[in-house]
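Single-structure report; data block below.
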Amino acid sequence: MGILIKGGKIVNADVSTVADVYCEDGVIKGIGLGLDVPTDTEIIDATGKLVMPGGIDPHTHMQLPFMGTVASEDFYTGTAAGLAGGTTMIIDFVIPSPQEPIMQAYEKWKDWASRAVSDYSFHVAITWWDDTVYEDMGRLVKEEGINSFKHFMAYKNAIMAADETLVNSFSRCLELGAMPTVHAENGELVYHLQKQLLAAGFTGPEAHPLSRPSQVEGEAANRAISIAQTIGLPLYLVHVSCKEAVDEIARARHNGQRVYGEVLAGHLELDDSVYQAEDFATAAAHVMSPPFRPKGHQEVLWKALQGGTLQTTATDHCCFCEDQKAAGKDDFSKIPNGTAGIEDRLMVLWDSGVNKGRLTENEFVSVTSTNTAKIFNLYPQKGSITEGADADIVIWDANKEHTISAKTHHQNIDFNIFEGRTVKGSPEITISQGKVVFREGQLMVEEGAGRYIKRPAFPTIFEAVKKHNEVNAPVAVTRSS
Ligand SMILES: [Zn+2]
């Protein structure tokens, strides 16, 4: 049975139009007025509502084994919470342990993700290097539809990729037409500062942001951008959190380099005063990396998103509950890093973005869905309300108020970094693969209904980069003797 969404305003990244949307067999079959549809079609009245592409969160960590524990949110609960917030697809991360065969890690994550209720895809982290990694990257791109590889420049003695790995992996990415992405923080400096702070008696969570100041991110952003420039390929920086990193991206883009930046809802909204909370649990609940930044950085991030220096928004959704965070009670560097937000991202960004005049409704769709779909080569299957696109849709009530709280959210974590905030603008209905999966606060999801979505290599970005490299290739000097 199909669904006809009637009378709503379709909001795409490029234009808003009042028209009906007919969905059948998981895809959008027709858009227009007075559509001829089968008699058993379910009619949804969307008069006065916005009909937008479902959100895509390009940065989540469901069920991640990390820092001696495992994230409390798994692919089932996490994708369900996403749907409750209007997010209909995630790109999660396969993160092999050092020396773990990449394909083995990939199979493990695929198994975990098979419980997802919405569509999903993966970035694969390159945490170490040898010839098998080189070969496996090729298999992943050519056979498995992976077109992006993540590199952690932080987390020394764990998953940190040293410069040698970055250079090897970026070179391989260029051969394959895959996008390298980086977590930009100088892991050596973080390690040094952590040891120094602990030795000086700073053991609490207030030391966490001191161990990772913004210049540590700026340095790594500059280094990754310079490596990408030298090798000659685009680059995507995940969770850009500070002015220093924004400045590096802006400089590179002004220089004609294809560099993309992602920002988290949390970094746009919160500052580092959260680490001054008197109770350990509250301060520790905010421990994530990069940390929330001193006041002032948030407005820089907003302006960078408005101005196009940053293109995508995400959450880095990685949930650890109070008992898990307690592992770092006597040593802040042992607090599992991560915060939640997959359910809240769209509402918080609508409230702070559209309601405050920073973003138009179309720009909101760009930064929550379409730009991610384009950069990671999912567009227009995802990120657009067009005929033939997947029927992943959020019907948005711009006037509906919602108070965010850990007591009522669907996320499997006992804390919410936006606790108590009342936002105006929230999802009324979420449709995933053409089925209503969230309506009037109720989830109607099916375990395992989510599909793994392949993302082919060689998007137009790479064709342009390769032409640019050809045009600018050095020519050997021919000498007569
Ligand atoms: Zn992350």
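In listed order, ligands and their atoms are each counted from 1. Note: hydrogens, waters and symmetry copies are ignored here, and every other heavy atom, side chains too, is used.
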query = Which atoms of the protein, restricted to N, O or S, are nearer than 2.8 Å to the Zn ion (ligand 1)?
reply =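 Near the Zn ion (ligand 1), the protein supplies H59 NE2, H61 NE2, D316 OD1.
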
Set of residues satisfying side chain to side chain donor-acceptor pair (under 3.5 Å) with respect to K295, sequence neighbours excluded =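 Listed in chain order: D271.
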
Donor-acceptor pairs under 3.5 Å, side chain of residues 282-290 to any protein atom, not counting sequence neighbours: which ones?
from	atom 1	to	atom 2	distance (Å)
T282	OG1	D279	OD1	2.9
T282	OG1	D279	OD2	2.7
H286	ND1	T282	O	2.8
S289	OG	R212	NE	3.1
S289	OG	R212	NH1	3.4
S289	OG	N337	OD1	2.4

request  = Cation-pi check, K110 to F122: give yes when NZ or CZ is under 6.0 Å from the six-membered ring centre and within 45° of the ring axis, no otherwise.
outcome  =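 So K110 doesn't make the cation-pi contact.
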
message = I want to check a possible cation-pi pair here: R172 against Y134, using under 6.0 Å from ring centre and within 45° of the ring axis as the test.
response =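 So R172 does make the cation-pi contact.
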
ask   = When the ring planes of F66 and Y155 are compared, do they come out parallel, tilted or perpendicular, using 30° and 60° as the limits?
value =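 Ring orientation of F66 relative to Y155: perpendicular.
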
Contacts of K325 that satisfy salt bridge (Lys or Arg N to Asp or Glu O under 4.0 Å) - sequence neighbours left out =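 For K325 there are no salt bridge (Lys or Arg N to Asp or Glu O under 4.0 Å) partners, ignoring immediate neighbours.
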
